[in-house]
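Written below as structure tokens is the structure these notes are about.
Everything numeric in this text was worked out from a predicted model, so none of it was measured. Along the sequence shown, residues are numbered consecutively beginning with 1.
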Amino acid sequence: RAIRDFLSPPAEPQLGLYGGFGYDLMFQFEPLGPEHTNLERDALQRDLVLFLPDDILVVDQRENSAWRVTYDFSWCSPSDFDVLDTATIERDEAVVVPPSATAAAAKHPPEARDMAPGEFAEMVALAKKEFKAGNLFEVVLSQQWRVDASSTSPSAVFRELRQRNPAPYGFVMNLGDREFLVGASPEMFVRVERVAERGLLRVETCPISGTIERGEDAIEDASQVRLLLSSAKDESELTMCTDVDRNDKSRVCVPGTVSVLGRRQIEMYSKLIHTVDHVEGYLREGFDALDAFLCHTWAVTVTGAPKAWASRFIEKHEKSPRAWYGGAVGHVAFDGSMNTGLTLRTVHFLDGVAAVRAGATLLYDSDPAAEEAETELKASAMRDAIQTCIDRTKKQQLTSAGSSPTDEATAATDDKASSSSRSATSSSSGGSKKPPPTSAGEGKRVLLVDHEDSFVHTLANYLRQTGADVKVCRFGAAASLALRTEPWDLVVLSPGPGRPEDFDVSGTISLALERRVPLFGVCLGLQGMVEHFGGSLGVLDEPVHGKPATVDAAESLLFDGLPASFDVARYHSLFGKDLPADLRPTALSRHDGVVMAIEHSSLPMAAVQFHPESILTNPRHGLQILANALTSLSFGDSSSSTEAVPVAASNGVAAPPQTVPLKSSVVAAQQQQPEGVAL
């Protein structure tokens, strides 16, 4: 940022830093801790390599034009009046020859694979246990292949990839120290540009998730597209990715500006067909492109959700460090813009050995064998390109020696690739219509307790759209300090992985009631309330992560202004099984009768099991629920928030002599567990 600000010139969009950002860069901002760091890293592996080029050839593919830009830099030190400049620097234009792979190949034999056939499928089975327990919603596991590529060059592989697998982010990069990156990445990471008419920086991303193999011709492609679009599993993958992406933007964007421009768009590559969403937001004053970059590090499409828990699972179960895979490459411009792509479909050359890594997004619905096959299919485009270049070199050597080329040296037939363009003007029912403005939160302060969730900032964004002043604090010491020392009108218990006791949700509830602050919970927040008052949780036979559901709601101020039935997003495996007498169910899932909302009979507490902030929940409905919570949950008196209030419980603790009425009318519920709850 200091370099950018120092060298920031007017009207020079090409001037800036170009290079790569490694996967481990994430741990500088979200440390895993030594107990979660299992993979041995190469001491020489770098997390960041950026260059300041002074000679740039710009090619505009759309306008079919090209031009060259050169720069000279001059400077002097504070204690020296002699001016130094780059114009007099001698240039070494010698051709870089990749080193021999002898030493590296001895350590990593040709075609070495860091997971044996079938081992990746075993990892999928382990991940499904975490999904069922509620510890993960999705996770992206990967495996790696290595081959001796000393007989070819990174530039040759790059040319081969450009011909057979053109992609939005193609690159060949000399990182120095005998290290190269060659890629044909399909996925934008973060792009930021200033929109003059709004006077704000626009940040956009295009999450990719959902994959199927290309057909043999256009007719088969059309059939494959229909299969992909009808796949509930692939739809859930992309839903979760986009929900997390919206959350990342909500940390730094103006409330109400984060929207989905395109939903499940089709993109085609040489061997694969993908579904893609297109998401944008506008940065708040005080935030820049680097803030947007860091908030998305790294994309859910290469990690999982929740990100921190998914990263720990990756570290524990993958067999080799990712190095550059899953990071990003691109341009940090000095004019404040940015354009980066994810480091996917990439060949990492080091000491003449080429490494290819490919991953798959795992859900509870995943078929282990199919997921392993998907990683092999994704890697095949890179591996085939490398092998074609190696075979071509052998053929040339045999021809120059006067021998006839053998079948073994015949180059592979090039695939024909196409890539459909993204439409920035297409719409999605999940994000094209903005919720109506509301003033329900004006003049109110909300403490949002973060339980290491990947959707908490989208939830904060929705709350801010009501006019509320929202502060997000991690669970534990930070949240407790804020609750004890500042005045609040509402505490919101966020969703999260694991179980309520993992985050001492009960302790937060006790402290909030002691401070006379109303509570509203989402997902894990509801589960924490159930256990706090003596109820018990059950585990669904099959987790519902990123799945739509219809709920039937009772008469309640929490659902005031909503229809009696509406569609929502579910992300959970735990549910309120046996509700205590103090908690009344106010909504049920139509499909399985699971409790979807609760309210306390006498205290200002309510919660929903579904996610009001997800793209699968109508944004007008989600915002209305939060607005209703802000207006209906109150102690209803003028007592100071520092006065203690008795906490009613049905877990053996005596009820208080008096309780304060909840500002809500709730239809009495008859509990019929475990078969279901009747409203």
Side-chain angles (χ1 to χ4, degrees), residues 4 7-20 50-73 86-87 91 93 95-96 153-174 180-198 201-206 208 261-262 265-270 276 278 280 289 292-293 328-346 385 414-426:
R4 181 203 63 192
L7 294 175
S8 176
E12 286 291 342
Q14 276 75 47
L15 185 60
L17 300 173
Y18 294 76
L50 296 175
F51 296 95
L52 175 59
D54 58 0
D55 192 350
I56 303 174
L57 177 65
V58 184
V59 180
D60 189 327
Q61 304 279 10
R62 182 173 299 174
E63 298 296 331
N64 197 28
S65 61
W67 62 96
R68 186 174 182 178
V69 183
T70 60
Y71 302 98
D72 284 320
F73 302 93
T86 58
R91 305 289 172 165
E93 298 183 358
V95 176
V96 177
S153 67
S155 59
V157 175
F158 174 67
R159 286 192 293 269
E160 184 67 26
L161 284 175
R162 285 198 63 187
Q163 180 179 355
R164 66 164 63 203
N165 196 44
Y169 290 87
F171 53 92
V172 57
M173 194 176 298
N174 183 351
F180 301 81
L181 289 177
V182 176
S185 175
E187 185 168 352
M188 177 194 301
F189 178 50
V190 172
R191 183 160 64 195
V192 178
E193 57 188 357
R194 184 167 294 280
V195 179
E197 57 268 27
R198 299 190 64 164
L201 288 171
R202 175 178 179 264
V203 54
E204 64 176 319
T205 53
C206 291
I208 292 179
L261 301 178
Q265 297 173 310
I266 294 295
E267 291 192 356
M268 293 187 178
Y269 296 91
S270 63
V276 185
H278 189 183
E280 73 163 6
F293 182 92
V329 295
H331 175 210
V332 182
F334 291 159
D335 67 356
S337 63
M338 172 183 284
N339 193 357
T340 57
L342 279 174
T343 311
L344 302 172
R345 316 292 157 80
T346 296
D414 292 342
D415 295 328
K416 299 295 182 181
S418 64
S419 177
S420 62
S421 60
R422 296 187 176 96
S423 170
T425 59
S426 59

* Least distance between heavy atoms, Asn165 atom then Ala184 atom -> O-CB, 3.6 Å

* Phe171: partners by ring pair (Phe, Tyr, Trp, His ring centres under 6.0 Å), with sequence neighbours left out -> none

* Give the ring-plane orientation class for Phe293 versus Phe189, where under 30° counts as parallel, over 60° as perpendicular and anything between as tilted. => perpendicular

* Contacts of Asp72 that satisfy side-chain contact (heavy atoms from CB on, under 4.5 Å) - sequence neighbours left out -> Thr86, Ala87

* Does Arg202 pair with Glu204 as a salt bridge, N-O distance under 4.0 Å? -> yes

* **Interatomic spacing from CD1 in Ile208 to CG in Leu344 - rounded to 0.5 Å** => 8.0 Å

* To do: Give the minimum heavy-atom separation between Gly170 and Phe158, together with the two atoms involved.
  => C-CE1, 3.9 Å

* Start with the C-alpha distance between Phe334 and Leu52, add both sets of side-chain angles, then the distance that settles side chain to side chain contact (heavy atoms under 4.5 Å, CB included), and finish with yes or no. => CA-CA 11 Å; Phe334 291 159; Leu52 175 59; 3.7 Å; yes

* Asked: Ignoring hydrogens and geometry, is there a side-chain-to-backbone donor-acceptor pair from Thr340 to Gly330 under 3.5 Å?
  -> no

* Distance from Ile56 atom CD1 to Leu15 atom CG, nearest 0.5 Å? -> 6.5 Å

* Should the heavy atoms of other residues, nucleotides or ligands under 6.0 Å from CG of Asn64 be counted, would the total exceed 12? -> no

* **Check against side chain to side chain contact (heavy atoms under 4.5 Å, CB included), Arg68 and Asp55** => CA-CA 7 Å; Arg68 186 174 182 178; Asp55 192 350; 2.5 Å; yes

* **Which atom of Ala333 lies closest to which atom of Pro13, heavy atoms considered** => CB-O, 3.8 Å

* pair Tyr18-Val329: side-chain heavy atoms closer than 4.5 Å -> no

* Any Arg345 side-chain heavy atom under 4.5 Å of Ser185 side chain -> no

* **Asn339 side chain reached by Tyr169 side chain, heavy atoms, under 4.5 Å** => yes

* **Inter-residue atom distance Glu280.CD - Thr205.OG1, 0.5 Å rounding** => 10.0 Å

